[in-house]
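Below, read A as the first sequence line, B as the second, and so on, with proteins coming before strands; counting in each chain starts at 1. We use all heavy atoms of the structure for the numbers below, so side chains are in, but hydrogens, waters and symmetry mates are not. Since the model is a prediction, treat every value here as computed from it, not as a measurement.
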2 protein chains.
Amino acid sequence: MSGRAADDRSVADKLFAIADAFATGEDLSLSEIAARARLPLSTAHRLVAEWVAWGGLVRGDDGRYRLGLKLWRLGARQPTARRLRSAALPYLEDLLESTREHVHLAVRDGLGAIYLERLSGRDAVPVISDVGSRLPLHATGVGLVLLAHAPPEVLGEVLASHPRKYLPNTLTEERELRIRLAEIRSIGISTAVEELTPGAFSVAAPVRDASGEVVAAVSIIAHVERVSEPQFALGVRMAARGVSTALGWRP
Amino acid sequence: MSGRAADDRSVADKLFAIADAFATGEDLSLSEIAARARLPLSTAHRLVAEWVAWGGLVRGDDGRYRLGLKLWRLGARQPTARRLRSAALPYLEDLLESTREHVHLAVRDGLGAIYLERLSGRDAVPVISDVGSRLPLHATGVGLVLLAHAPPEVLGEVLASHPRKYLPNTLTEERELRIRLAEIRSIGISTAVEELTPGAFSVAAPVRDASGEVVAAVSIIAHVERVSEPQFALGVRMAARGVSTALGWRP
């Protein structure tokens, strides 16, 4: 053991490090898992076998491992995602039918916006978000809406995290962000033009639950050429209002 | 320790038993978790804290625990569910638009059909399936399609499992099941009328991947009054064909 610090992580930590190795969704060989989880091959071998016995990982015919349907099923039971998705889907579908672009539902998780659902028209603009993606609050339409309605200290944390200027339009300065967030609270929607993805703009609106609290955001991401078409703002407002009502919100 | 067998499960087994306690998606108190996972309260307390530290469980303001978004995100990366869902969604949406009932995508997992996706019209018939549900192969439209194309030993396992007769129309006898499965293989779709849910019928068709193997099934579940309308069979065939083509299948 000389020259090498003992690994004082618990068995649970090591098991979870193996799960984290699969965060990208790729198939991995045992040695790739061991490297990503920083485990000796023998430990990785033993703990991967525990995951496989439970069904959280599956070993393919090629000897590589992938996430198992058991894990997918457990995730599908997560109450926030399940409740919001189920309330939102009919409205997201209406919005998709009337726009044929990308329609999103997102929630705030710390300093990120997690995409719970995405429906896409066949010719929708290419974007980097996918279901399960976590994108920065300051650079996305849904993120700015969620940030506008988050506790005030969250903006401080975003600013302290040195928010990245992805494109010339991305807001990163405190003053401009404060003005933008106040505007979003005042007019009720956020329009973000080429702030994260070139060629795309998004319109987002807040979703409230029965308590009146903003619990999610709905957005459309569309080709920037369509930015002046009025149906996006109207459609997003109506969808967000529909989802809120389905969650018990009363104006 | 008298009168009580020692628990020789590994730490991993105990951690996974805690995860399994949340299979219904409910919020649970620590003592409910301990009871479901058959663990002493002190062990449950320590291992639940490990789950919370990782993010797989979250403790609410009321002291109860629920599945965390971390687990939902990991599940969303499961390659089979992700690939099939992404290929299928545009076709499921088309099918929903033209029928306004329930549209499903399912895969076989052992002796069950797991629902990977469900889109529903607002006035669709009440059904028990939900995303993540696992329903019996012999009593559902998608299940019969998946069984018809499964390795022959799977039918043997279904019969050996004493399949339940949910409703008078549910097939449970070997002879009638064999005839039905041959018919499904021959005509390419399965129509199941009130075999699991009173008042509902389903039409299902197989989805093939590039190798020609049946990897999933698409179905509609609709009000039984609509059983003679021709668009269901046509729509399901077209959707299944569209998804198969998106997966690389060539006739």
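Of the two parts of B:Arg100, only the side chain, counted from C-beta on, holds a non-hydrogen atom closer than 4.5 Å to a non-hydrogen atom of chain A. For A:Leu47, no part lies near chain B; criterion is any non-hydrogen pair under 4.5 Å. Heavy atoms closer than 4.5 Å to chain B are found in both the backbone and the side chain of A:Glu50. With a threshold of 4.5 angstrom between heavy atoms, A:Lys14 does not approach chain B through any atom at all. In this structure, the portion of B:Leu15 lying under 4.5 Å from any heavy atom of chain A is its side chain and not its backbone. With a threshold of 4.5 angstrom between heavy atoms, A:Arg83 does not approach chain B through any atom at all. For A:Val107, the part lying near chain B is the side chain, with the backbone staying farther off; criterion is any non-hydrogen pair under 4.5 Å.
Residues A:Val145 and A:Ala217 approach most closely at CG1-CB, 3.9 Å, considering heavy atoms.
Counting heavy-atom pairs closer than 4.5 Å to chain B, the top residue among A:Arg118, A:Glu97, A:Arg82, A:Arg66 is A:Glu97. Chosen from A:Ala81, A:Gly55, A:Gly132, the residue pairing most often with chain B at heavy-atom distances under 4.5 Å is A:Gly132. The choice from A:Val11, A:Leu69, A:Leu89, A:Asp27 that makes the most heavy-atom pairs within less than 4.5 Å of chain B is A:Leu69. The choice from A:Ser86, A:Gly25, A:Ala19, A:Pro90 that makes the most heavy-atom pairs within less than 4.5 Å of chain B is A:Gly25. Ranked by heavy-atom pairs under 4.5 Å with chain B, the first of A:Leu71, A:Leu116, A:Asp109 is A:Leu116. The residue among A:Pro79, A:Ala76, A:Ser120, A:Ala53 with the most heavy atom pairs within less than 4.5 Å of chain B is A:Pro79.
With contacts defined as side-chain heavy-atom distances shorter than 4.5 Å, the pair A:Ile33/A:Tyr65 qualifies. B:Val131 is listed as a side-chain neighbour of A:Trp72, based on a closest heavy-atom distance under 4.5 Å. Inter-residue side-chain proximity for B:Leu247 and B:Leu84 is flagged as met; some heavy-atom pair is nearer than 4.5 Å.
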Checklist entry - Stepwise, does the side-chain hydrogen bond (donor to acceptor under 3.5 Å, both in side chains) test hold for A:Gln231 with A:Ser98? => result CA-CA 8 Å; A:Gln231 76 273 32; A:Ser98 51; over 6 Å; no
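For B:Arg226 (side chain) and B:Phe232 (main-chain N/O), no donor-acceptor pair under 3.5 Å exists by modelled atom type.
The pair A:Glu26-A:Arg64 does not meet the salt-bridge criterion, since no charged nitrogen lies less than 4.0 angstrom from a carboxylate oxygen. Ion pair B:Glu213/B:Arg108 not flagged as a salt bridge, since none of the NZ, NE, NH1 or NH2 atoms sits closer than 4.0 Å to an Asp/Glu carboxylate oxygen.
Relative orientation of the A:His104 and A:Tyr115 rings is perpendicular, given thresholds of 30° and 60° on the angle between their planes.
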